[in-house]
Amino acid sequence: MSFSEHVEQLALEKAKIMYSFMGDEVPTLFNRKKWKGKIIGWAIQDQDFRARLLRFVDVLPTLKTDSAVYKLFQEYFSDVDAIPPELRIAVDRLSRRTDLDRVVPTILKRALDSLAAQFIAGRTVADALSTLHAFRTQGLAASLDIVGEEVLSDDEAGHYVNRYLEVMNVLGPAARSWQDMPLLDADDRGPIPRLDVSLKVTSFYSQLDPVDWDGSILSTSKNLAPIFRAAQEQGVSVTIDMEQYYLKDVTIEIFKALLLDHPDFEYPGIVLQTYLPETAADFTHLAEWARKHDRRFGVRLVKGAYWDYETVVNPRKGWPIPVFLEKEKTDLHYEQLTKVVLDNIDIIRPAFASHNVRSLSYAMAVAEDAGLPKNALEFQMIYGMAEPVRKAVQKMGYRVRAYIPTGELIPGMAFLIRRLLENTFSESFLKRSFFDNTGIELVHSPQLDESFVQPPASVGFMNEPVTDFSRAQNRSAMYDALATVEENLGNNYPLIIQDREIFTDETTLSINPARPEQLVGRVSRANRDQAREAVDSAREAFVAWKKTSPQERADYLFRAAAEMRKRRFKLAALEILEVGKTWKDADGDIAEAIDYLEYYGREMIRLGQATMPGAYPGEENLYFYEPLGVGLVISPWNFPIAIPTGMVSAALVTGNTVIFKPSGLSSVCGWHLAEIFKTVGLPPGVLQFVPGPGSETGEYLVSHPEVDFVSFTGSREVGLHIVSVAGKTEPHQKGVKRVIAETGGKNAIIVDETADLDEAVRGVLDSALEYQGQKCSACSRVIVVDSVYEDFALRLQRSMNSLRIGPTDKPWNFFGPVVDQISAQKIQKYIETGIKEGNALLAKPGPENGFFIGPHLFADLPLHSSLVREEIFGPVLVLLRAPTLESALCMANDSRYALTGGVFSRSPQNIQKVIADFDVGNLYVNRKITGALVGRQPFGGFRMSGIGYKAGGPNYLIQFMHDRSVSENTLRKGFAPSL
Ligand code: NAD
């Protein structure tokens, strides 16, 4: 009999034994006689109810008052159709009571506590101890986990270290005093720890991000060191949990670093997820590494709990989905890895974590076939789930370890929600087994081919994926690019007029704001004559360019996009050095630039088709667009490639010729953009590169009568000035200049009492401090509703304080310099005013050399303060307190600007209210307010924030054109051809 036939036969025998031991017992969660089973049942049968339930459970523990609980309950479930009939009867019965607003919250909170208690074993270490004890008397081993995941500050990471140390120091000695239980306390090689702890690396370092590969490994393993030492002293084993795919590789490296740092620690372990095809290679790598270093470690093989997350988040970034899409493939992979893990038992302590009878019996069969004793492996199951399965495996004589989370409910919500998802997932083994009552027939070998399918890519415009810096090749590409760019700094850059490169005597020096002594480039400055020449050649080139077809013009954009992709890392590296962007921000800027080229190219092909409105006999109507003429593009420095690419490409593709004046602070980036268009063969004169001081070159060009339109992005002051200058007409001027202007903002985020504070703090932090607050979309006011103000303020202050500041060519600095000295001085003035008028909750200094201003957080400012009203364009965030959502909205709207805004809330009604009443061009709900994507979140504001249609949206190109209408009478002497 072959290996597989033998194992199949054995597995079936094991499964039959398990089923016979399980009898008719049903897990608590599927027992439809109990209320929890009923709720799980409704959620399985009704997807809408499932979604509402999960969302409601998610927000419930955060709510501080009964009235908030009652209000939210009504919001989520008042729509009667959404409630299962049985629940409706209960609600109807209840609704006769007059004290509903008190009774309902009491019932709900009790229900939540009981649901949480199903999965989370108490809040304190003492609670955990009694659960462990109870389990041990039932013959169960334990792995303890303190609930909670990603931390937002060093203080929060410190809290986790202390909690775990408490667990080790209290439970370790307690465990040693327990009576010996041979099956639990020894494997085939001898004694093993009586207690295991599981932990997530994201709880131990707030700046953990694979973009900072070495720093993440070093700091996380350093923060975990006391826990490993305590584990060693107390004889406890430690298992590192696996979280999102993005963190997989770095987690494996942290694990290896910990093993090297603790050479005598015998009981480290790691989790491997079989829904990832990559796990097979990871295991091989780890096994080879362990052999080389003569180490043995535990592997907990799981299927993987982040499936929903991975299938949503990765495509959103344009990254491949890293997990198998079919459950059977994960199951098959589980079996393959079971064999591989057991084949390496000399260096692995194997643990199979699953509730699936087939997977468990398969592992038993492979082990038996290999002649391994039962105690050489163990099975692990989650506290509160699949009790009959657990008991059956125990009765078969195997060691079973329960995974027991403990801790507070709010940090435990993510765990709880994952368990609810799992139990109500249509393909889950438990659901099919105990809800659909499918028996032994479920137990078959997973029968799928191993190919790894990606969902079909959609056709049409797709956003350019940002770079995945968790991949080693991308990190080294960026390091290489930085080195190359740095070697070539200090060059001279010419004007480009009519395809001629002109080097001028007068130049603008562009310097690295993080190291002002480093010259990035010397850029020529156009004087009036050269500016006039540029206008003349643009006028001349317009005649032919206007006649090129939209497709041909779009093709130039597509070629420029391809060229940009080739130079992607170098362009990003240049931004890092010229304007102080972080790796991710710089990379995002290039991706956005590529998006504009691809999107506007396609948009022009769409708009280039003339249409025939109306269809009347004897009449032919045509409607089509034509370019405006010569355009002037004036760009800011803060998105040094993306913004000018957007404005220049829009003007070009619509058939205009362009004079491009970049900001003096980012003119080397500007030159590279012009050079890319030159490389792709844009005809001479179609695009002129004319850098120079805004108040001279810029002003002259704005007032030039042969310029037909100005496309400007920059500050409100300059924007308004340009509008007034452009509005003046000269005697021979043929038309009035059109001005398209995208200007500043004083953007606010509202946080209400139902907000998820983890999300809100992270969202506000990113919105306010990415690129040092120098984004027009940045959050500069956060308005928090009274009841959560203190909690929010403290967590935000701590997380802002945890950011590492320094030159951003080093990927461990997530916070860099502001763009120049003038900016730094201007921001500093606001800070001084803030200190006088309010309360500085945080005033973090930056390094001395370079234009560094650390993050600042101000509270208790009068509403008329310049910090509350004016755009600061730096890392200064104002915290405002509002008694209610309505007053928060009033404050948010009390601004001359209307660019971006956001709200963090889990109240459907509040969200609707904010959508209806918050006057901003781009509103974001439960996410950061920066990072609008071309085609997905068209971007732009109104009031003092801009004139014109949104960039990256369907109306943007239209403003660079006239629309024309032609109507021909085709009737001749009573003869109409179309009849
Ligand atoms: P800025 O207004 O100082 O300069 C913008 C551009 O205008 C530069 O190229 C500058 O040389 C030029 N300029 C200055 N004076 C001029 C004049 N008299 N005539 C013609 N051109 C002149 O802005 P900045 O500091 O480069 O950028 C930051 C500002 O841009 C912030 O206010 C920010 O909110 C805004 N911004 C808005 C958006 C948006 O989409 N709404 C995007 C990015 C930046």
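The figures here come from the full heavy-atom set of this structure, side chains too, leaving out hydrogens, waters and symmetry mates. Just follow the structure's listing: the first ligand is 1, and inside any ligand the first atom is 1.
- Closest to atom 23 (O) of ligand 1, if we only count protein heavy atoms, is Ser715 N, 3.4 Å.
- Scanning the protein heavy atoms around atom 28 (C) of ligand 1, the nearest turns out to be Phe873 CE2, 3.5 Å.
- Ring-plane geometry between Phe660 and Phe689 is classed as tilted, the angle between the planes lying from 30 to 60 degrees on a 0 to 90 degree scale.
- Looking only at heavy atoms of the protein, atom 15 (N) of ligand 1 is closest to Val718 CG1, 3.5 Å.
- Of the possible polar contacts, none joining the Arg716 side chain to the Glu871 backbone as a donor-acceptor pair under 3.5 Å is found.
- Scanning all protein heavy atoms for the shortest distance to atom 25 (O) of ligand 1 gives Trp637 NE1, 2.8 Å.
- With atom 39 (C) of ligand 1 as the reference point, the heavy atom nearest to it among Gly670, Cys776, Ser695 is part of Cys776.
- Using cut-offs of 30° and 60° on the angle between ring planes, the pair Tyr556 and Trp545 is tilted.
- A salt bridge does not link Glu770 with Lys584: none of the charged nitrogens is closer than 4.0 Å to a carboxylate oxygen.
- The protein atom (non-hydrogen) at minimum distance from atom 18 (N) of ligand 1 is Glu699 OE1, 2.9 Å.
- The N/O atoms of Thr743, backbone and side chain alike, include one that comes under 3.5 Å of an N/O atom in ligand 1.
- For atom 4 (O) of ligand 1, the nearest protein heavy atom lies 4.0 Å away or farther.
- Of the candidates Pro636, Gly694, Gly646, it is Gly694 that places a heavy atom closest to atom 22 (C) of ligand 1.
- You'll find the ring centres of Trp671 and Phe503 outside the 6.0 Å limit.
- For atom 32 (O) of ligand 1, the candidate residues are Lys950, Glu871, His721; the nearest heavy-atom contact is made by Glu871.
- The pair Arg781-Asp894 fails the salt-bridge criterion, with no side-chain N (NZ, NE, NH1 or NH2) lying under 4.0 Å from an Asp/Glu carboxylate O.
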